[in-house]
**Student:** 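Here it is, the structure in full.
Residue numbering restarts at 1 for every chain, and letters A, B, ... go by the order of the sequence lines.
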Amino acid sequence: MSSRTHSEDGPSVPDVRARLDRVTDPELDESIVELGYVDDIVLRGPAVDVTFSLPTAWCSPAFAWMMASDARDEVESLPSVETATVTLRDHMHESEITRGVNARESFASTFPDADGDVAGIRASLDDKARVGRQFEALNELLEAGLTERQIVALRREDVSPEDGAVFVRDGSVGISVEREPLAEYVEKVEATGLVETGEDVLFRTPEGDPIPADEFDLVHKRSRLAKVNMTGQGNICDALNEARFDPDRPETYGPQADES
Amino acid sequence: MYQQDGEEIFVIDGHVHLWDAREENIIHQGGEEFIQCFYDYHTGFTPEEREWDLEEYRYYGPDRMTEDLFGNAAADMAVFQPTYLTDFYDEGFNTIDQNAELAEEYPERFVLNGAFDPRDGDAGMRDLERQKEEYDIQGVKVYTAEWKGESKGWRLDSDEAFEFLEKCADLGIDKIHAHKGPTIRPLNRDAFDVADIDDAASSFPDLDFVVEHVGLPRLDDFCWIAAQEPNVYGGLAVAAPMAQNRPRKFGEIMGELLFWLGEDRIIFGSDYALWNPDWLVETVMNAELTDEQKDEYGIELSPDVMRKIMGENVAELYDIDIEAKKEQFQSDDVTEEFGLGDHYGAPDATAD
């Protein structure tokens, strides 16, 4: 990834990259920075240009749209940034997505033929990511010595991911846990709207209900399955990415101009 | 047959095609994009020295296919799963009639499946009857993401699809192979959604549904449906070649499938010519789980488990008597052509 700094007033490249790190590929639930999608960050004082590309030219336009608009919003959330523009490269709809996102148009107005709106797709992928992240969080709590019964009874107010702490027995006993798996899970379960208040039960079935104690094992296994599915798709994307950018790839290949 | 350490495994490749993507057969840009996308899957999961060039990949013909499948006895039998795509390809990509060219030459080696598309209405019903009469098909492949005119796909749980499933049941076509897998350009990703299998499978308990490509990238939805519907099977095409360059991931997927479906409902398929059983069978047979995966899933890819996955499960579905086949293959046309008499233990094979 290359980058250039043009001004001392604006943000730094590490600041921008840290914000972009919060943006995930919605199908894989991994950071676009970690996945190597971000090609270039250019700083022009309080204006920032981000260029990115995806593993396949035909990667769902809706996914590409989500990543582009999330990247813009995350970078613009930096106080030192006034405007962020994003450019998608090497995609069959690169010009429509780049133009639409930067013009702050809606996905539906940019792709009138698309079936299903971005919000609906995002919600269903967020839900899968929630279940996948739950697997790591449950493992961490089991490792820390909590019982299944204690885990399913946890409410949002019983955990403090920023301190790496979980409280059981009516809050009288604090147990220290690794911060990351819990923090990542809490972030996603809150994003789905399933957990909103301190009273809400923290862990859920894939359908979104509290987990009956006798179904802990089943839900734990289904959480593992969701995790395996997401990383499995990551492996396919990764292999296609290698095939696509292989220097020996026949020249006839490439996004076609005419998609009608 | 796959042979190692005295173990013999009869291999039935559950998913093969004899396709034609030559330029003269392409009538829509989607046809070119489709074969290009297939080619990415091919090169993405094939050992470099076994990769084909694009021109041979477009069309390989029946002779080469016979040799790739059976020449070194990598596979013993194979099941043709047609893919019509007649909006993209003039004669179709691989229709039952195209696949029949080879299947009818070696009927003892191939199972020939048909296809239906509920959007074809009455004409489609009549064609399904024709397929049964002409080829006595036992199964169909359905491709819910196929484009047809203005339509960009259909669902297996629609009223129209149910009429066709009823027709299948009446005709004794009781194996329904549904392509539910990775997005293939230019087809719509959501048309590969697996959710429609649930309703279809519970509404037609006498039909068996084989979800090809185990629903990737929706393995989770697929496994959860299959765990509740005993007539739902998983076809390994696309997952299998991960054993080559993503072995850890392959192990995890096998772990999940064995956990949720069990060893009796998983079916090997190469998706030839996407991948070639010529090398793929050995790669899958040599795959091992890590110690961590063995602990996590409590399973092993033992010879007994692999024997089921590589042949016995699909043999059970299609009423194939493996022992009788072994005997038949001591002297059938394929064995004569490739000198496999010894391999199948023909009594006079060593006398030559």
**Student:** Quick check: does any side chain N or O of A:N229 sit under 3.5 Å from a backbone N or O of B:L216, one acting as donor and the other as acceptor?
**Tutor:**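 No; judged by distance alone, with no hydrogens or angles, the pair does not exist.
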**Student:** With salt bridge (Lys or Arg N to Asp or Glu O under 4.0 Å) as the rule and sequence neighbours excluded, what pairs involving residues 138-148 of chain A come up?
**Tutor:**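 Output for this query is empty, none listed.
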**Student:** Between CD1 of A:I236 and CZ of B:R246, what distance do you get to the nearest 0.5 Å?
**Tutor:** 10.0 Å
**Student:** Work out which heavy atom in A:A239 is nearest to a heavy atom in B:G44; give both atom names and the distance.
**Tutor:** CB-O, 3.6 Å
**Student:** What parts of residues 257-265 of chain B touch chain A if we use heavy atoms and a cut-off under 4.5 Å?
**Tutor:** B:F259, B:W260
**Student:** Chain B heavy atoms under 4.5 Å from A:K221: which part of the residue, side chain, backbone, both or neither?
**Tutor:**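 Both the backbone and the side chain of A:K221 come within 4.5 Å of chain B.
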**Student:** When you look at CD of B:E56, are more than 12 heavy atoms from neighbouring residues, nucleotides or ligands closer to it than 6.0 Å?
**Tutor:** yes
**Student:** Quick one: what part of B:E252 sits under 4.5 Å from any heavy atom of chain A, side chain, backbone, both or neither?
**Tutor:**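 Both parts, backbone and side chain.
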**Student:** Flag yes if more than 12 heavy atoms outside B:E24 fall under 6.0 Å of its CD atom; otherwise flag no.
**Tutor:** yes
**Student:** Give the interface residues of residues 271-293 of chain B toward chain A, defined by a heavy-atom separation under 4.5 Å.
**Tutor:**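 Hits under 4.5 Å: none found.
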**Student:** In residues 221-229 of chain B, which residues are in contact with chain A at a heavy-atom separation under 4.5 Å?
**Tutor:** B:D221, B:C223, B:W224
**Student:** Taking the side chain as every heavy atom from C-beta outward, state whether A:R222 and B:D220 have any atom pair closer than 4.5 Å.
**Tutor:** no
**Student:** Taking atom CD as the centre, does A:E190 end up with more than 12 heavy-atom neighbours from other residues, nucleotides or ligands that are less than 6.0 angstrom away?
**Tutor:** yes
**Student:** What are the two closest heavy atoms between B:P217 and A:E27, and how far apart are they?
**Tutor:** CG-OE2, 3.5 Å
**Student:** In Å, rounded to the nearest 0.5 Å, how long is the span from CD of B:E33 to CE of A:M92?
**Tutor:**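 So the gap between those two atoms works out to 7.0 Å.
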